[in-house]
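Okay, structure first, notes after.
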Amino acid sequence: MHVRAVAVTTTALLGVALTAPLSHARADAAVDDGPTVVAHRGASGYAPENTLAAVDRAAELGIRWVENDVQRTRDGELVVLHDESLARTTDVEQVFPDRSPWKVKDFTAAEIARLDAGSWFGSQYAGARVPTLEQYVHRVERNHQKLLLELKSPGLYPGIERQTLKVLANEGWLDRRHVAGRLVVQSFDADSIRTVHDLKPAVKTGFLGTPAVSELPAYAEFADQINPSYGSLSMSYVSAVHAFTGPHGRPLEVLTWTVNDADTARRVAGYDVDGIITNKPDVVRDAVD
């Protein structure tokens with residue numbers, strides 16, 4: 001995730017395979033009484049973001065929740081990558097030097113599967129690949145983890161909400177057990193999240209941003225979480241969010257991002273946030289336990 005300007009009014013809203021899997025016991029080893037700790041793009045402080053290695057590193061640390069980003073290839077495959085361009089986290093400029101600006105949407109799944117998504121982070125991760133959404137949820141499932149899934153730039157990919165839900169359904173992630181406590185779908189795009197809610201009301205959803213308190217009643221119709229950057233948070237704002245009831249009859253939750261140091265983690269935990277999204281989940285967990 002990164003900061004993006006989001007302009008949404010209440011009126012508009014109302015109108016609109018690198019390492020082996022970890023054991024169940026190991027993945028569930030760390031259970032804390034403070035905010036839920038979510039590994040941002042996997043444990044991306046320690047392994048290349050959004051790769052299966054980052055998912056496994058989070059599991060090794062005992063982190064039960066992982067966050068990832070979903071986009072779509074030119075030929076319609078869903079892949080897990082944060083940036084709209086492949087350039088920062090793969091060797092696409094070397095493999096396809098004449099394809100600038102190397103947008104995900106301009107490459108086929110087979111072309112993206114050729115790319116090295118690990119060497120930029122460290123030589124020990126050379127050969128890591130950009131996973132498909134199917135590969136990613138398989139690994140999360142095998143590690144007995146939980147998934148915070150972000151629809152990245154959905155305006156670029158019309159219909160990605162329905163397609164993502166279809167993949168999740170095909171992989172067994174829309175059954176009662178998963179939707180009750182192992183899956184949240186979020187986005188910076190309020191219309192996209194409302195679409196997810198309309199298509200599959202049982203699925204828990206989150207809006208990335210800091211809407212005005214006056215707009216929260218509209219968001220509470222279709223979002224279970226309000227997930228702002230930690231720099232925009234205050235105790236009064238968190239309390240205001242908690243005062244509203246979401247579409248599943250429970251108080252709205254607040255997950256904040258991206259917190260990577262102990263002092264900030266303790267500060268936002270003191271605001272009574274429900275979760276903290278972090279590249280260094282062990283640092284945050286140890287700070288707030």
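Keep in mind that the numbers below use all heavy atoms, side chains included, and drop hydrogens, waters and symmetry copies. Everything numeric in this text was worked out from a predicted model, so none of it was measured.
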Inset, instruction - Output, in order, the C-alpha distance, side-chain angles, deciding distance and verdict of salt bridge (Lys or Arg N to Asp or Glu O under 4.0 Å) for Arg139 and Asp56. - result: CA-CA 8 Å; Arg139 185 54 59 91; Asp56 288 339; 2.5 Å; yes
Inset, instruction - Would you sort out whether Phe222 and Ile193 count as a side-chain contact (heavy atoms from CB on, under 4.5 Å), showing the intermediate values? - result: CA-CA 7 Å; Phe222 60 89; Ile193 288 305; 3.7 Å; yes
Inset, instruction - In sequence, state the C-alpha distance, the side-chain angles, and the governing distance for Leu133 and Leu149, and then conclude on side-chain contact (heavy atoms from CB on, under 4.5 Å). - result: CA-CA 10 Å; Leu133 181 58; Leu149 184 156; 3.9 Å; yes
Inset, instruction - Under the side-chain contact (heavy atoms from CB on, under 4.5 Å) rule, what do Thr278 and Val283 come out as? Steps first, then yes or no, please. - result: CA-CA 9 Å; Thr278 173; Val283 171; over 6 Å; no
Inset, instruction - Apply side-chain contact (heavy atoms from CB on, under 4.5 Å) to the pair His82 and Thr89, showing each step before the final yes or no. - result: CA-CA 9 Å; His82 175 270; Thr89 58; over 6 Å; no
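To the nearest 0.5 angstrom, Ser44 atom OG is 7.5 Å from Asn260 atom CG. Note that the CZ atom of Arg194 and the CG atom of Leu199 stand 12.5 Å from one another [nearest 0.5 Å]. Rounding to the nearest 0.5 angstrom, the gap separating the NE2 atom in His40 from the OG1 atom in Thr258 is 4.0 Å. Rounded to the nearest 0.5 angstrom, Lys152 NZ and Asp189 CG are separated by 11.5 Å. Annotation: the span from Asn143 atom CG to Glu60 atom CD amounts to 9.0 Å, rounded to 0.5 Å. Annotation: the span from Lys105 atom NZ to Ser85 atom OG amounts to 11.0 Å, rounded to 0.5 Å.
Side chain of Arg41 to main chain of Ala54: no donor-acceptor pair is present (N/O by atom type, distance under 3.5 Å, no hydrogens or angles). Looking at Arg266, its side chain never comes within 3.5 Å of a backbone N or O of Val288 through a donor-acceptor pair. The backbone N or O of Gln71 sits nowhere less than 3.5 Å from a side-chain atom of Ser153 that would complete a donor-acceptor pair. A distance-only check finds no donor-acceptor pair linking the side chain of Asp69 to the backbone of Val80 [under 3.5 Å]. In this structure, the side chain of Thr256 engages the main chain of Tyr230 through a donor-acceptor pair within 3.5 Å. Side chain of Thr51 to backbone of Pro48: a donor-acceptor contact under 3.5 angstrom is found. One N or O on the side chain of Trp257 and one on the backbone of Asn227 form a donor-acceptor pair closer than 3.5 Å.
Residues Leu255 and Thr36 have side chains not in contact (no heavy-atom distance under 4.5 Å, counting atoms from C-beta outward). Counting only heavy atoms from C-beta outward, the side chains of Lys103 and Leu86 never approach each other to under 4.5 Å. Between Val167 and Glu134 there is a side-chain heavy-atom pair separated by less than 4.5 Å. With a 4.5 Å cut-off on side-chain heavy atoms, Val196 and Leu151 count as touching. The shortest side-chain heavy-atom distance between Val92 and Arg99 does not fall under the 4.5 Å cut-off.
Sorted by first and then second residue, the salt bridge (Lys or Arg N to Asp or Glu O under 4.0 Å) pairs involving residues 243-257 (not counting sequence neighbours) are Lys204-Glu253. Listed by first then second residue, pairs satisfying salt bridge (Lys or Arg N to Asp or Glu O under 4.0 Å) with a partner in residues 86-97 read Glu49-Arg88, Asp83-Arg88, not counting sequence neighbours. A salt bridge (Lys or Arg N to Asp or Glu O under 4.0 Å) check over residues 205-214, counting only residues at least two apart or in different chains, returns nothing. The stretch residues 232-249 participates, sequence neighbours left out, in these side-chain hydrogen bond (donor to acceptor under 3.5 Å, both in side chains) pairs: Thr210-Ser232, Asp224-His248, Ser234-Ser236, His242-Asp274. Within the structure, the salt bridge (Lys or Arg N to Asp or Glu O under 4.0 Å) test picks out the following pairs touching residues 169-188 (sequence neighbours left out): Glu141-Arg177, Glu141-Arg182. The ring-ring contact (aromatic ring centres under 6.0 Å, His included) pairs that include a residue from residues 85-114 are Phe96-Phe107, where partners are two or more places apart or lie in different chains.
Shown here for Leu52 and Tyr136, the closest heavy-atom pair between the two residues is CD2-CA, 4.0 Å. The two residues Pro35 and Ala269 come nearest to each other via the heavy atoms CG-CB, 3.9 Å. Across all their heavy atoms, Val130 and Ile112 have their closest contact at CB-CG2, 3.7 Å. Ala47 approaches Arg57 most closely through the heavy-atom pair CB-CB, 4.3 Å. Between Pro154 and Ile160, the shortest heavy-atom contact is CB-CG2, 4.0 Å. Residues Arg72 and Gly159 approach most closely at NH1-C, 4.0 Å, considering heavy atoms.
Contacts of Tyr46 classified as ring pair (Phe, Tyr, Trp, His ring centres under 6.0 Å), with partners at least two apart in sequence or in another chain: none. The side-chain contact (heavy atoms from CB on, under 4.5 Å) test applied to Asp261 returns Asp263, Thr264, not counting sequence neighbours. Listed by chain and residue number, Arg74, Asp75, Ala110, Glu111 satisfy the side-chain contact (heavy atoms from CB on, under 4.5 Å) test with Thr108 (two or more places apart in sequence, or in another chain). Here Ala212 pairs with Ser214, Glu215 under the side-chain contact (heavy atoms from CB on, under 4.5 Å) rule; sequence neighbours left out. Judged as a side-chain contact (heavy atoms from CB on, under 4.5 Å), and not counting sequence neighbours, the contacts of Ala58 are Ala39, Ala43, Ile63, Val66, Gln145. The ring pair (Phe, Tyr, Trp, His ring centres under 6.0 Å) search around His138 returns none, not counting sequence neighbours.
A salt bridge does not link Glu161 to Lys200: none of the charged side-chain nitrogens sits closer than 4.0 Å to a carboxylate oxygen.
Using a 30° and 60° split on the angle between ring planes, His178 and Trp173 fall in the tilted class, from 30° to 60°. Ring-plane geometry between Tyr125 and Phe121 is classed as perpendicular, the angle between the planes exceeding 60 degrees on a 0 to 90 degree scale with a lower cut at 30.
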